[in-house]
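Here is the structure we will look at.
Small disclaimer: the values here were computed from a predicted structure and weren't measured. Residue numbers start from 1 in every chain, and the chains themselves are labelled A, B, ... in the order their sequence lines are given, proteins ahead of strands.
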4 protein chains.
Amino acid sequence: MILSLDLGSEVPIYLQIRDRIVEAIASGELVEGGSLPSTRQLAVDLGINFHTVNKAYDLLRREGLLRINRKSGALVQRDPSTGPPEPGFTDEWETRLRTLLAEAVAHGVGDPAVLDSCASVLASFTPTALVAHGADHGAKQGDSAS
Amino acid sequence: MILSLDLGSEVPIYLQIRDRIVEAIASGELVEGGSLPSTRQLAVDLGINFHTVNKAYDLLRREGLLRINRKSGALVQRDPSTGPPEPGFTDEWETRLRTLLAEAVAHGVGDPAVLDSCASVLASFTPTALVAHGADHGAKQGDSAS
Amino acid sequence: MILSLDLGSEVPIYLQIRDRIVEAIASGELVEGGSLPSTRQLAVDLGINFHTVNKAYDLLRREGLLRINRKSGALVQRDPSTGPPEPGFTDEWETRLRTLLAEAVAHGVGDPAVLDSCASVLASFTPTALVAHGADHGAKQGDSAS
Amino acid sequence: MILSLDLGSEVPIYLQIRDRIVEAIASGELVEGGSLPSTRQLAVDLGINFHTVNKAYDLLRREGLLRINRKSGALVQRDPSTGPPEPGFTDEWETRLRTLLAEAVAHGVGDPAVLDSCASVLASFTPTALVAHGADHGAKQGDSAS
DNA sequence: GTGGTCTAGACCACA
DNA sequence: GTGGTCTAGACCACG
């Protein structure tokens, strides 16, 4: 759970923390039931105010990725294997995806290049070891639409 | 150039305007050199303050998608056919893509489903290709429509 | 009187015209009593609206550098040999000079480099040829007012 | 950090603030790393809206003279000892210098008088050198005062 | 007519 | 507490 922040970035610190944790869950680095450092501990490690960590954890809780209780601290509530997303998640997410992809296309990134980026990002979440027996859910290729 | 906003959304109005325009550029609805409504006009049409439109336009200008001058108003500066993105764009964009995709994966959307979403979003930007036989009026070459 | 503008610059066109004319007067390219192109003519030559030229001429008139009458058009009212500036000019000008020089110093340009810039700019106004025989109406020296 | 404005001047307040700060940096009154009053505080002190201060600070930030973060407010990012200016600064600056000096020359201020003005303005930024015997505390080396 | 400035109030995000 | 967002009115600059 090494979590590198960029102080002085445009992105608020609490969001950077949240983003890194989301990515850690996506990549399997954090699995359902796993525990995260206490807010105080992480704050000390990162050299930031613990309120900032708190805010990140709370955001993740509201997103359904963490559960938090007094005794055991923050635990991962969800991971890729937990099941399909809550209803309503996908629509809202696709809206954001649409805007993000539009941005690349508008700037002149070709459709294939965009898809390649998506595929390679996905591949980076499943570092080969997990693609064990059938590999039927890996970052498959060739279904490009254009 | 119908631009439907969701007042009362979490997303600020100026960002919604910006997002819709980015998507319009990506989809070829707006092409390089095309002109956008004047800030005041659009503001009246949308029933909002002109500053809000102004802010959206200014953001797009800073992103390199619009150029703005006093006489002719806002013109589209870039479209998918204009060329590859400025250096530095892709890296920053992929960082955001990574976070966005991680979000879906963490919520249990499978890699293939994610890729499908990406592909179908991209396809939605070039719907003409799916309909046309020769597809000679797609936003691929500089055949400006104005 | 070739006057090159940069359309699309941050600096308004009318100000660019004004600035170029001020520089032409400073360099002796335009002398007291000399006539400028008519607003319409210059507007056509530059491919701009004649109101814009008008605005530049009017500004110069208010600054005391031009006089304008219907029959003979715009005439240069002042040049370096006309005499010392109107009272009040110098103070206001030095305030602007102070800010401009402070900007360079704050950005790390050393005092000598700043002075060099000033000197070379001044030298560029008096292209050596004018300091010829008597040099009694050129940018004469030694009449420092301070 | 006393900052006297002239309400009712032609020059917008935010620009006056910006100019005074630039001059304070040039004169060594503000040194790299030094902190400025918070936007709200300064606004109260000056009896103006905090947005106006904000605008001045933001302009200075875009000029590279300030850095701004939420925790520590506005800090001086540059001062005469920080090093040479960013490439591109000098050219743009000399263009403005050229116009400003041309103005004086056109109004009849002699070249020597102009140069004198430049020199005395520069001298006013480092007044200590004119007083001190050894001049070992001038704003020449990185002897930050904070 | 256009876009942009200047100032501003209410509110939010951040640490 | 800090800076920043979002929206806004009145006015100016520009062509």
Side-chain angles (χ1 to χ4, degrees), chain A residues 5 7-17 39 43 46-56 59, chain B residues 7 9-17 35-43 46-59 61 66-75, chain C residues 5 7-17 39 43 46-56 59, chain D residues 7 9-17 35-43 46-59 61 66-75:
Chain A
L5 306 183
L7 282 316
S9 153
E10 296 285 83
V11 184
I13 297 175
Y14 87 100
L15 254 188
Q16 295 186 45
I17 297 174
T39 48
L46 298 173
I48 60 178
N49 192 296
F50 96 95
H51 282 113
T52 309
V53 180
N54 233 336
K55 188 161 198 167
L59 176 54
Chain B
L7 282 316
S9 154
E10 293 286 86
V11 184
I13 296 176
Y14 88 101
L15 253 187
Q16 294 186 44
I17 297 173
S35 71
L36 280 73
S38 80
T39 49
R40 257 89 172 180
Q41 187 56 55
L42 187 52
L46 298 173
I48 58 178
N49 189 283
F50 97 93
H51 281 106
T52 310
V53 180
N54 219 350
K55 188 161 196 170
Y57 279 18
D58 188 58
L59 176 54
R61 183 187 58 77
L66 252 52
R67 63 173 177 277
I68 297 175
N69 44 16
R70 284 179 234 273
K71 72 167 71 173
S72 40
L75 302 178
Chain C
L5 305 184
L7 281 317
S9 153
E10 295 286 82
V11 184
I13 296 175
Y14 88 100
L15 254 188
Q16 294 186 46
I17 297 173
T39 48
L46 297 173
I48 59 178
N49 193 297
F50 96 95
H51 282 113
T52 309
V53 180
N54 233 337
K55 189 162 199 169
L59 176 54
Chain D
L7 282 317
S9 152
E10 292 286 85
V11 184
I13 297 176
Y14 87 101
L15 253 188
Q16 294 187 45
I17 297 173
S35 70
L36 280 72
S38 79
T39 47
R40 258 88 173 181
Q41 187 56 54
L42 187 51
L46 298 173
I48 58 178
N49 189 283
F50 97 93
H51 280 107
T52 310
V53 179
N54 218 348
K55 188 161 196 170
Y57 279 18
D58 188 58
L59 176 54
R61 183 187 58 77
L66 251 53
R67 63 172 177 277
I68 297 175
N69 44 17
R70 284 178 233 273
K71 72 167 72 174
S72 38
L75 301 177

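Between the P atom of F:dG4 and the CG atom of B:Leu59 lies a distance of 16 Å, rounded to the nearest Å. What separates CG of B:Leu46 from C1' of F:dT7 is a distance of 15 Å, to the nearest Å. Nucleotide E:dT2 holds its C1' atom 12 Å from the CD1 atom of B:Ile68, rounded to whole Å. Per the geometry, CG belonging to B:Asp58 stands 9 Å off P belonging to E:dT5, to the nearest Å. What separates CG of B:Asn69 from C1' of F:dG15 is a distance of 10 Å, to the nearest Å. At whole-Å resolution of the value, CG in D:Leu42 and C1' in F:dG3 are 14 Å apart. Atom CZ in B:Arg61 sits about 16 Å away from atom C1' in E:dT2, given to the nearest Å.
Residues satisfying the salt bridge (Lys or Arg N to Asp or Glu O under 4.0 Å) test with B:Arg70, not counting sequence neighbours, are none. A search for side chain to side chain donor-acceptor pair (under 3.5 Å) contacts involving D:Arg61 returns D:Asp58, not counting sequence neighbours. With sequence neighbours excluded, no residue forms a side chain to side chain donor-acceptor pair (under 3.5 Å) with D:Arg40. Shown here are the side chain to side chain donor-acceptor pair (under 3.5 Å) partners of B:Ser72, two or more places apart in sequence or in another chain: B:Asn69.
D:Leu66 and D:Ala74 get closest at one heavy-atom pair: CD2-CB, 4.1 Å. The nearest pair of heavy atoms linking D:Leu42 to D:Pro37 is CB-CB, 4.1 Å.
Between the OH atom in B:Tyr57 and the OG1 atom in B:Thr39 there is a gap of 7.0 Å [rounded to 0.5 Å].
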Nucleic acid footprint by protein, nucleotides 10-15 of chain E - heavy-atom cut-off 4.0 Å, B for base, S for sugar-phosphate alone
BB-SBS

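A stem is defined here as three or more consecutive Watson-Crick or G-U pairs, each with both distances under 3.5 Å; for DNA chain F these stems are E:1-14 with F:1-14.
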Does the pair D:Ile48 and D:Ile17 meet the rule for a side-chain contact (heavy atoms from CB on, under 4.5 Å), with working shown?
CA-CA 11 Å; D:Ile48 58 178; D:Ile17 297 173; 3.8 Å; yes

Could you walk me through whether B:Leu59 and B:Leu15 pass side-chain contact (heavy atoms from CB on, under 4.5 Å), step by step?
CA-CA 9 Å; B:Leu59 176 54; B:Leu15 253 187; 4.1 Å; yes

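At least one side-chain nitrogen or oxygen of B:Asn54 sits closer than 4.0 Å to the OP1 or OP2 atom of E:dG4.
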